[in-house]
Every structure is written in structure tokens, then in C-alpha cells.
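Bear in mind that the values here come from a model prediction, so they are computed numbers and not experimental data. Start at 1 with the first residue, then count along the sequence.
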Amino acid sequence: MAEDKFKKIRLPRGFDPTNEDHMAKLVTQVQELAAGPMPELANYSLFQIDERNGYAIYAPIDEADEYTSNDARYFSVDAGRVNNQRRTAQEYEQTNPGWFVVDINVVQRIVTMERLDEKTLTVRRLFANVLKVDPWMVRVTHTPEGGWKIRINKNARTYVASKYDKAVQEVVESIGKPGWFFKANPETNVIMVYPGELPTFPKAIRMPENVWKHPDTRYGYFGMKLPDRGRKTGDQLCNDWKDSPGVLVSGASNGGKSVLINSLVYDFVAGGGQLAIVDEAGKGMADFSWVRPWVIDKGWGCDGIESSAAVLRRILQICEERAQVIGRYGKMNWYGLPDDVKREHPLLLLVCDEISQWAVAPKIPSGLDKDNPDLIKAKYENAICASSYISLLKISQKARFAGICFLYAAQSATQQAGLDPKVRLNLTTKLVVGEKVQESIYENVLNDARHSPRVPQNVIKDGVGKGCGIAEIPGKETCVYKAYYEDDKAHGLEWSDVLRNRLQGIRPAPGNMTQGHLSWDEIVSMVPAAADKPDDGMADDDGDDSRLAVEGGFGVDGRDVADHDAPLRGAARAAHASRVTADVHQLSAAEAARRTARELAEDGM
């Protein structure tokens with residue numbers, strides 16, 4: 001063999017080839033190199049250990065002369081015997097006890113026999129059964145790593161991964177244990193079997209420094225794929241916002257959904273993208289306050305269902321504005337615009353969390369009088385939630401061409417949660433969060449839940465399943481992943497705090513903790529049905545008494561002028577609220593429904 005075809009790997013000091021742990025680490029090291037800087041090693045096998053010079057020497061799989069044996073017998077046979085190989089093998093093995101046919105050369109008409117130990121015979125038989133060939137068509141030898149090398153006679157069978165991989169892995173684990181793995185090379189018809197351990201994750205996975213220091217708006221990195229068999233590290237996973245502008249995140253509460261979303265948000269904003277957030281009141285502040293100073297004007301939809309509806313309408317307005325820009329330049333979409341125009345209208349990410357809380361109409365109570373406050377409130381909330389749902393649907397259908405990306409999140413991706421099939425259709429990247437998730441969630445989220453993987457039991461038992469889930473990304477195999485997470489306990493910082501500090505260093509905040517807020521007048525201008533909000537007697541978002549609270553929505557509340565500025569309390573307040581409800585809210589609820597219908601009609605729905 002030519003000297004230049006060898007590959008040398010430096011061995012660590014004190015390496016002992018008879019030590020199984022040392023050999024296992026060498027296997028892992030080579031698999032990592034093959035997956036990274038030395039991909040050619042994927043088609044090499046260990047030739048020998050050069051202890052004197054401290055190298056592991058690798059040779060091409062199909063050229064290593066591992067089959068030359070000093071303990072072999074060769075027999076010339078006539079054409080008839082060559083053509084009846086099974087009978088020939090049986091006869092020669094019967095007349096040569098302890099020897100086994102390992103090859104029948106049809107062209108040279110030579111039968112080769114060798115002594116094989118029981119383990120080798122077992123391995124040969126198992127692989128021959130899986131590949132559906134005769135045993136002498138499978139050459140089996142021990143490897144220096146403690147595994148096996150299987151060469152399949154090309155005249156008998158060509159290895160096809162889709163046909164044999166699953167069954168071969170089962171054989172590999174039966175001759176070794178769970179964690180053993182194989183690499184098949186169809187070109188050489190060789191299968192290399194390696195000892196190994198089941199792949200797992202570390203306790204926490206930090207976002208790589210090259211990712212957070214050099215963010216790219218187009219690619220949103222969020223975690224690491226479960227390492228391939230034989231490796232300690234997995235590939236970094238990301239969503240390509242150009243190819244897949246819609247992302248669905250689903251999973252049970254406390255499964256790590258917010259941690260995952262925050263990583264995607266960081267990449268997008270740090271790379272220069274715009275941001276708008278819609279979430280349940282209160283929860284939005286808890287989950288997204290770290291990034292609020294970076295949201296766009298009128299882009300904070302976390303102050304109640306009305307603000308949610310208004311922000312969604314704002315996104316649709318931006319979509320229409322960008323459509324006009326794209327039309328003026330005669331382009332098909334945002335990505336075709338000149339760079340300076342793109343900078344003027346950057347990519348925008350809309351994050352919608354807990355959708356069921358603000359886009360699903362509440363059930364209308366039955367058996368209540370038409371002027372009952374609970375019925376009036378439910379009808380009003382129905383009108384607002386219906387507006388939000390329609391906006392969600394239209395954004396998922398129309399926004400991608402305008403450089404608007406959208407991430408929709410909910411515990412359950414069902415119609416009851418506001419994510420019916422029409423919405424989910426445009427959410428092409430699907431991320432399930434949670435180490436243990438109900439099968440119904442997989443079925444509602446993934447395109448092929450039946451054949452998708454699950455978080456392995458060894459990962460869960462190792463106590464490293466927190467933050468794990470299943471990722472279905474266009475153009476990639478569905479896989480198990482673990483989301484990025486790190487904290488700074490010394491300074492009392494959680495993951496969101498760490499991200500905020502990094503973001504501030506890369507892209508200083510343009511706003512403050514009131515960024516993106518909408519006044520009530522701004523909300524009503526975007527969502528006219530909000531003008532009919534039933535009076536709950538509470539102060540509005542701006543801290544002043546609302547017109548509904550003070551005037552019942554129409555005018556002076558009927559009290560003496562001297563008492564008008566004094567807020568009602570106790571029974572007087574309750575009586576006043578009941579009187580306003582009886583006189584006004586029957587009309588308000590009906591008008592809210594009519595307004596919503598008009599708005600949807602104007603939008604072409």
C-alpha cells in the first residue's frame with residue numbers, strides 16, 4: 001500500500017492499546033474528526049497502533065490487507081462445483097472438520113477455507129441472515145478496536161442503507177450491547193462495527209461563542225442535536241428563516257419552551273432584525289421583559305387581549321407597506337430588494353406565545369339573560385379573540401414574502417388552542433419541547449410522528465433530559481435535540497439575563513421597559529371593536545381612569561356634579577356598574593360583533 005494513503009492520529013501519552021477505555025476514546029476521537037476537520041477518515045479503518053512513535057495508523061477500508069491469513073487452505077475446483085456453491089461449501093466443510101469456507105472465487109475456481117472461532121461464526125451467520133446471502137459471502141474479522149469488519153461479496157449483494165440499516169443496527173447491538181454502532185460504506189461494500197456507549201447530552205449546553213458573538217439574522221441557532229453513535233458532540237441546530245419563516249413551538253408547561261424561544265429571539269435581534277411580541281398579560285412580562293427594549297414601536301402585545309389584537313393588526317399593516325415597496329422595485333419578495341432597502345425595512349420576527357389565551361374565543365355561557373354582565377363580557381372577548389385569530393392566520397399565509405417571520409407557540413397545537421390545520425400548514429419548522437410529552441402533542445405537531453424519534457430513556461435516566469425535545473426542520477432528518485442554556489450563578493443571572501447582557505453589548509437597546517406600548521386610543525384605532533369594552537371599573541393601561549370607568553362609555557354617569565370626581569366605592573359602585581350594564585352593554589356587545597364582522601369583510605375574509 002502506498003505510504004501517502006495512510007492517515008496518522010497522534011496518541012495521547014500513556015496510551016495502552018490493551019486498555020478498552022483507551023481504545024474507546026480513540027474511536028470517539030476519530031469519529032469526531034471524521035465529522036469535522038477530517039471527513040476522509042469516514043472511509044478509513046484502523047490498520048495498526050504504532051506504540052513506538054505514538055501514532056494510530058489508518059488505511060482505506062478497501063485496501064487494508066486484513067484478510068491475508070497464514071492459516072488458510074485453498075482448493076481448486078471444477079466448473080460444476082463452482083456453480084453449485086452451497087453443495088460445494090457443505091462438502092468441503094464436512095471433509096475438513098474445524099475449517100470453514102470463507103470464499104468461493106468463481107472466476108479462478110478456487111475455494112478458500114480458514115479456521116473460525118465460535119464468536120466469528122456467530123457474527124458471520126447473523127450478518128448473512130440480515131443480508132440474505134450465504135455465509136461464505138460475508139468475510140468477518142476482528143478489528144483492533146474490539147469490533148468487527150464485515151466485507152460483503154459484491155457479486156452477492158450491494159449494501160443499501162435504506163434497506164438494511166435498521167436490521168444491521170439490531171445485529172450490532174446483539175453481538176455487542178446498546179451503544180455499539182456501525183458505519184457502512186456502500187462503495188466498498190464494507191461494514192465497520194465499533195464498540196461504544198449510548199449517545200447522551202451534557203447537563204447543560206452553552207450557546208457556542210461563535211454563534212452569540214457573530215449572530216446572523218437569517219439563521220436562528222437554538223440547540224444541539226443528539227450526538228451520532230460513537231460521538232460525544234452533536235451538530236448545532238438552527239432554523240433558516242428564509243427557507244422556513246414560520247416556526248411552531250409546542251410542549252407542556254415548564255418543559256423549557258421559553259428557554260428555546262429566547263435563543264431564537266436573541267439570534268434574530270442581535271443580527272439586526274426587528275421584533276414584535278404577543279403573549280398573555282403578565283406572562284409576557286415574565287418571559288420577554290429581557291428583550292422588551294428592542295421591540296418595534298407598537299410591538300408589545302402583552303398587556304391584554306386588546307393589545308394582542310392591535311399588535312397583530314400592526315404587523316399586517318407593515319406587511320401591506322412592504323408589499324408596496326416590493327412592488328415598486330418589481331421584485332417577488334423581500335429577499336430580492338436592494339441591500340439599502342433591506343436595511344431600511346429589516347427582517348421582522350413576530351413571536352406569539354400562549355396563543356390559546358388571547359386568540360381563542362371563550363365559550364359563550366348558556367342560560368344567561370342577554371343583559372347579564374358575564375354574557376356581555378364573553379361576547380366582547382369573542383369579538384377581540386376572533387380578530388386576533390384571523391390576523392394570525394393571515395400573517396402565516398401572507399407575511400413571508402414581506403420579510404416577516406413568525407414563531408407561534410402553545411402548549412398544545414390543536415384547533416382548540418388556536419392552531420388549526422390552516423395555521424399549522426405554514427409553520428414548516430416544528431419544535432416539540434419536553435423530555436416526556438404526550439403522544440397527542442407529537443401527532444398534532446409533527447408531519448410524521450409515527451416514525452419520528454423520541455428522547456431516549458438513557459438521556460432521561462441520566463438526568464440530562466431537561467430542555468430536550470424533537471426538531472422537525474425542512475431538509476433535515478427529524479431528530480432529538482437539547483436547547484442552549486447557561487446561567488451565571490455567581491451574579492444571580494438566569495439564561496434571559498445572560499442573553500440580555502450579550503445583546504446589549506452587540507446591539508445597545510434603542511428603547512426602555514415601556515418600549516412598544518400602545519395607548520388605549522391607539523388600540524381602538526387599530527381594533528375598533530375594543531371601543532365597546534365592558535366596564536370593569538379598573539384603571540386603563542396608561543394609569544388614568546378610563547372613559548368607560550368614569551362615564552360608562554357615553555357621558556356623565558348621573559351623579560351630582562359635586563360628587564362626580566369622587567370614585568364610587570362598595571355597594572354604590574356595584575349598583576352603578578349594574579345600571580350601566582343594563583342600559584349600555586347589550587348594545588355594546590352587539591356592536592362589537594358587528595364591528596368585527598365589518599373589519600373582517602374589509603380585509604377580504
Heavy-atom distance under 4.5 Å between the side chains of Tyr219 and Asp240, does that happen here?
-> yes

Spacing of Glu170 atom CD and Leu126 atom CG [to the nearest 0.5 Å] | 11.5 Å

For Lys232 and Gln29, indicate whether the former's side chain and the latter's backbone hold a donor-acceptor pair under 3.5 Å.
-> no

Mind checking whether Tyr408 and Ser396 have side chains closer than 4.5 Å, heavy atoms only?
-> yes

Do the non-hydrogen side-chain atoms of Tyr266 and Trp212 ever get within less than 4.5 Å of each other?
-> yes

Do NZ/NE/NH1/NH2 and the carboxylate oxygens of Asp78 and Arg109 come within less than 4.0 Å?
-> no

Hey, what do you get for CG (Leu46) to CD1 (Ile57), rounding to the nearest 0.5 Å?
-> 9.0 Å

Qualifying salt bridge (Lys or Arg N to Asp or Glu O under 4.0 Å) pairs with a residue from residues 472-489, counting only residues at least two apart or across chains = Arg206-Glu486, Glu486-Arg502

Without swapping roles, check the side chain of Lys154 against the backbone of Glu187 for a donor-acceptor pair under 3.5 Å.
-> yes

Residues pairing under ring-ring contact (aromatic ring centres under 6.0 Å, His included) where one sits in residues 85-119, two or more places apart or in two chains, turn out to be Phe75-Tyr92

Donor-acceptor contact present, side-chain Lys177 to main-chain Ser174, <3.5 Å = no

For Arg87, what residues pass the salt bridge (Lys or Arg N to Asp or Glu O under 4.0 Å) criterion, not counting sequence neighbours?
-> Glu91

ring-ring contact (aromatic ring centres under 6.0 Å, His included) pairs touching residues 137-156, sequence neighbours excluded, are His142-Trp148

Got a sec, which residues hit salt bridge (Lys or Arg N to Asp or Glu O under 4.0 Å) with Arg124, two or more places apart in sequence or on another chain?
-> none

Glu173 vs Arg229, salt bridge (charged side-chain N to carboxylate O under 4.0 Å, His left out): CA-CA, chis, key distance, verdict | CA-CA 12 Å; Glu173 294 185 8; Arg229 293 175 184 270; 3.3 Å; yes

Positive for side chain to side chain contact (heavy atoms under 4.5 Å, CB included) with Val101, one of Glu114, Gln90, Met113, Met137 | Met113

Would you say the side-chain atoms of Asn426 pair up with the backbone N or O of Gly246, donor to acceptor, closer than 3.5 Å?
-> no

Side-chain touch Thr88/Val82, heavy atoms, less than 4.5 angstrom = no

For Thr143, check side-chain hydrogen bond (donor to acceptor under 3.5 Å, both in side chains) against everything at least two apart and list the hits.
-> Glu145

Residues 159-168, side-chain donor-acceptor partners within the protein, below 3.5 Å, at least two apart:
{"unit_1": "Tyr159", "atom_1": "OH", "unit_2": "Asp165", "atom_2": "OD1", "d": "2.6"}
{"unit_1": "Tyr164", "atom_1": "OH", "unit_2": "Arg157", "atom_2": "NE", "d": "3.2"}

Would you mind reporting whether Thr28 and Val30 have side-chain heavy atoms less than 4.5 Å apart?
-> no

Given Thr158, Val190, Thr188, Asn189, the one that forms side chain to side chain contact (heavy atoms under 4.5 Å, CB included) with Ile152 | Asn189

Any donor-acceptor pair under 3.5 Å linking the side chain of Arg424 with the backbone of Asn444?
-> yes

So, do Asp216 and Asp267 sit near enough that their side-chain heavy atoms are less than 4.5 Å apart?
-> no

Output yes when a side-chain donor or acceptor of Asp462 lies under 3.5 Å from a complementary backbone atom of Val464, and no otherwise.
-> no

Check whether any side-chain N or O of Asn239 sits under 3.5 Å from a backbone N or O of Ser244 as a donor-acceptor pair, and report yes or no.
-> yes

Are Asp235 and Arg231 within salt-bridge range, i.e. N to O under 4.0 Å?
-> yes

Is a side-chain N or O of Ser250 found less than 3.5 angstrom from the main chain of Val432, in a donor-acceptor match?
-> no

Take Thr233 and Glu32 through the side chain to side chain donor-acceptor pair (under 3.5 Å) test and state the conclusion after the steps.
-> CA-CA 8 Å; Thr233 59; Glu32 294 287 348; 2.8 Å; yes

Restricting to pairs with a member in residues 249-258, which pass salt bridge (Lys or Arg N to Asp or Glu O under 4.0 Å), not counting sequence neighbours?
-> Lys257-Asp353, Lys257-Glu354

Listed by chain and number, what are the salt bridge (Lys or Arg N to Asp or Glu O under 4.0 Å) partners of Lys183, not counting sequence neighbours?
-> none

Summary of ring-ring contact (aromatic ring centres under 6.0 Å, His included) pairs that have at least one residue in residues 108-137, sequence neighbours excluded = none

Measure from NZ or CZ of Lys8 to the centre of the six-membered ring of Tyr55 and say whether it is under 6.0 Å with the direction within 45° of the ring axis.
-> yes

Atom CD in Glu494, atom OG in Ser496: separation rounded to 0.5 Å?
-> 7.0 Å

Just grab all the salt bridge (Lys or Arg N to Asp or Glu O under 4.0 Å) pairs involving residues 432-450, residues at least two apart or on different chains.
-> Glu439-Arg454

Do any pairs count as a ring-ring contact (aromatic ring centres under 6.0 Å, His included) and have a residue in residues 171-192, sequence neighbours left out, and if so which ones?
-> Phe181-Tyr194

Option from Trp290, Trp495, Tyr485, Tyr484 for which side-chain hydrogen bond (donor to acceptor under 3.5 Å, both in side chains) with Asn262 holds = Trp290

Looking only at heavy atoms, which two atoms of Val455 and Gly434 are closest? And how far apart?
-> CG2-O, 4.0 Å

Under a 4.0 Å N-O cut-off, is there an ion pair linking Asp134 with Arg86?
-> yes

